[in-house]
Amino acid sequence: MRTALVVTAVVAAHVAAVAGVMIIQGCGTIVRPSAPPEPPLMPPAPEEMAAPEPVPVKPEPQQWPAETTTYTVRPGDSLSVIATRYGLSVAEIVALNGIRNPDMIREGQKLVLPGSVDVEAPAPAT
């Protein structure tokens with residue numbers, strides 16, 4: 001009999017706890033009316049979907065000096081080393097030679113440098 005009383009008390013406590021949680025949750029819930037759904041957008045008419053006419057763009061002509069010098073890439077050279085050695089920018093060398101990947105130059109490759117550069121002079125010591 002005593003066990004039945006304990007089981008009944010435990011079950012009643014659990015029911016009361018669950019009911020309390022449910023009541024508390026219900027009290028905190030705010031029911032807001034939902035906003036009416038937005039009307040669906042109509043697809044554009046076929047004449048509105050036509051692409052606009054492209055506007056031709058004229059590239060700015062680059063001004064390079066009339067005088068240029070040919071340089072042959074040596075072992076250990078990179079465009080930044082060459083540019084620093086002759087007081088140029090890497091962008092100038094890349095643009096003048098049409099180089100697609102400035103990280104890929106090879107020994108023996110001929111590069112055109114803007115202006116008159118003494119390429120036969122030894123490289124300055126760093």
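No experiment lies behind these values; they were computed from the predicted model shown. All values below come from the heavy atoms of this structure, side chains included, with hydrogens, waters and symmetry mates left out.
- The distance from the OH atom of Tyr71 to the CZ atom of Arg85 is 4.0 Å, given to the nearest 0.5 Å.
- Across Thr70, Thr72, Asn97, a single residue satisfies side chain to side chain donor-acceptor pair (under 3.5 Å) together with Lys110, and that is Thr72.
- Annotation: the span from Leu113 atom CG to Ile82 atom CD1 amounts to 7.0 Å, rounded to 0.5 Å.
- Exactly one residue among Leu88, Asp103, Val94 makes a side chain to side chain contact (heavy atoms under 4.5 Å, CB included) with Leu79. That residue is Val94.
- Taken to the nearest 0.5 Å, the OG1 atom of Thr69 stands 11.5 Å off from the CG atom of Leu111.
- Across Ser89 and Ala83, no two heavy atoms sit closer than the pair C-CB, 3.8 Å.
- Using a 4.5 Å cut-off between side-chain heavy atoms of Ile, Leu, Val, Met, Phe, Trp and Tyr, with links allowed through other members, Val81 and Val73 fall into different hydrophobic clusters.
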